[in-house]
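Note that the structure is a prediction, hence the values are computed from the model and not measured. For the numbers below, each heavy atom of this structure counts, side chains included, while hydrogens, waters and symmetry mates do not. To find a chain, count down the sequence lines: A is the first, B the second, and so on, and within it residues start at 1.
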Number of protein chains: 2
Amino acid sequence: MTMKIKEVADIAGISVRTLHHYDQIGLLCPTSTTEAGYRLYTDEDLEALQQILFFKELGFPLKKIKEIIESPSFNRREALELHQKMLLEKRRRLDQMIATVAKTIQHMKGDIHMSNKEKFAGFDFSQNPFEQEARERWGNEAVDSSNVKLASLSKDEKDGFAEEMNALYARLAALRHTSPHSDEAQAAIKEWYVLLNRMGNYSLDAFKGLGQLYISDERFTKNIDQFGEGLAQFMCEAMGIYTNNHQK
Amino acid sequence: MTMKIKEVADIAGISVRTLHHYDQIGLLCPTSTTEAGYRLYTDEDLEALQQILFFKELGFPLKKIKEIIESPSFNRREALELHQKMLLEKRRRLDQMIATVAKTIQHMKGDIHMSNKEKFAGFDFSQNPFEQEARERWGNEAVDSSNVKLASLSKDEKDGFAEEMNALYARLAALRHTSPHSDEAQAAIKEWYVLLNRMGNYSLDAFKGLGQLYISDERFTKNIDQFGEGLAQFMCEAMGIYTNNHQK
DNA sequence: GTTGACTCTGCCGTTACGTCATACTTTATA
DNA sequence: TATAAAGTATGACGTAACGGCAGAGTCAAC
């Protein structure tokens, strides 16, 4: 019926110290104690704890949680709405930071290690601010092996690839006002996939993700659209279609 | 040439106390002091302060800033990249909170909880009355491949998407009284487009059409407006604007 | 010489616990 | 049953980045 502190802590996945703390600030005081002073928690206490942990997960400070728990008349909805506003504001600031950091990194990276042709082709993940995301989504190995393979190429080889890519860009650009579903478009995009896989390791998912980078990272967009406005968008769609058709 | 503390504080837009603190922890010690012990800052000190404030804006802790400032050999880029990773992780957690808060608010409002089925209704064409229309407008392949992709998602994956969608809904809801043309709104709607494209594949036309569904099919409207009245309308507009801006 | 603005050095408070340190109680083992 | 091991209690310090206050000294102007 009653549980000792460690038992509760283990069930809730928190530390004993945390329960001590909650007792100390009066947030969750155990219903009873033994003569020796051991805290004894009931099932009700456990329920209250769940409530507390729920609000904690939402990022509420313990003081507010105490208010909410203690007075049932407290307007919870209003509190939640206010809280949400704060969270959104926080996110905005975070976004700002992330953008600035990305810009700074980009600035520091500069144009050091890529030739113009390579940059133009725009496939080196180490050059783009979404590298982290790419790594998270598709795994480090895929990204690394792509970059590694790239680094091991001779300059001539690199330029050769860049040329092939540019040619393919031009062909795709010519199709960009037609349907990305068409056999012709899909054939061209297949060549694109094959070409990329001669340089790195692209799973179908990674391929599709790369396509989305073409529209979500404006540097890609800008580079690609030099071959024709809307090409990035078109390629993204075609790559998505290709992936869906071949996956399964 | 040299400035007293308040002068510096006013220029930098920080408090005197903060400068005291920076001196205390050795982050920014003024070059000289008067006999009476007054701190005297030089222009160089001011420059250093700018650096400090820059990194502070990025969310770096003062300790790290001290390391970075003190040792010029310190690998700043690595530090920035690591920092960015942390920020991204932080943002993910924040998004989770936002999504959960939004869900809780809806729950308290007494709104019927949107089931996963409903959430994905707009993306699963076989579930909605516009499938026929969708097929005509965007072709069989698009509709089929989208449906297949959706069906192949595991429950966890669906839940993951649902969370992301909730957070994004909440963010968009916060903007719904501003202009759908704004950079922020368009950035958010772009995220919406990218998110949708991770689930299925949407041409820009399909995206725009989906937006119109949000207001023409009241089931969508009702569901979406749970995040805030007028959200469906706002999203529809923003999606239309996005499409027009990117099509060409 | 006095007033007011400015500056100095502490020191306490903030958040949500983590991490000892020391001492006591209960449980398990030999 | 004696003892070791595990669990528990209280108390206190540390954390990050200052805000705010107190008491005291300094500087410039009127």
Where the side chain of B:H20 is defined as all heavy atoms beyond and including C-beta, which of C:dT9, C:dT7, C:dC17 is the nearest nucleotide?
C:dT9
Tell me: CD1 of A:I5 to C1' of D:dA6, nearest whole Å?
15 Å
Interatomic distance, B:Q24 CD vs C:dC8 C1' [rounded to whole Å]:
12 Å
Step by step, work out the side-chain contact (heavy atoms from CB on, under 4.5 Å) result for B:W192 and B:M165.
CA-CA 8 Å; B:W192 185 241; B:M165 289 167 67; 3.9 Å; yes
Rounding to an integer number of Å, can you tell me how far A:R39 CZ sits from D:dG7 C1'?
13 Å
From OH of B:Y41 over to P of C:dC8, roughly how many Å is that when rounded to an integer?
7 Å
Establish whether the base of C:dT19 is bridged to the side chain of A:R17 by a donor-acceptor pair shorter than 3.5 Å.
yes
In whole Å, what is the span from the NE2 atom of B:H21 to the P atom of C:dC12?
17 Å
Can you check the A:E35 CD to C:dT25 C1' distance for me, whole Å?
12 Å
For C:dA16, take OP1 and OP2 only and decide whether either is under 4.0 Å from a side-chain N or O of A:Y22.
no
Given A:P30, which partner from the list A:Y41, A:Y38, A:Y22 fulfils the side chain to side chain contact (heavy atoms under 4.5 Å, CB included) test?
A:Y41
Check: A:D23 side chain, A:L19 main-chain N or O, donor-acceptor pair, under 3.5 Å
no
Taking the side chain of B:Y38 as its heavy atoms from C-beta onward, which of D:dC18, D:dG7, D:dG25 lies nearest to it?
D:dG25
Value in whole Å for how far the C1' atom of D:dA9 lies from CG of A:L40
13 Å
Where the side chain of B:K56 is defined as all heavy atoms beyond and including C-beta, which of D:dC18, C:dT19, D:dA9 is the nearest nucleotide?
D:dC18
The answer to which of B:K63 and A:K6 contacts DNA chain D further toward the 5' end, by nearest nucleotide, is A:K6
Rounding to an integer number of Å, can you tell me how far A:L19 CG sits from D:dG7 C1'?
14 Å
Taking the nucleotide of DNA chain C with the closest heavy atom to each, which residue, A:T34 or A:T18, is nearer the 5' end?
A:T18
Can a donor-acceptor pair be found, under 3.5 Å and without considering hydrogens, that links the side chain of B:R176 to the backbone of B:E229?
yes
Does either side chain, that of B:S182 or that of B:S179, offer a donor lying less than 3.5 Å from an acceptor on the other one?
no
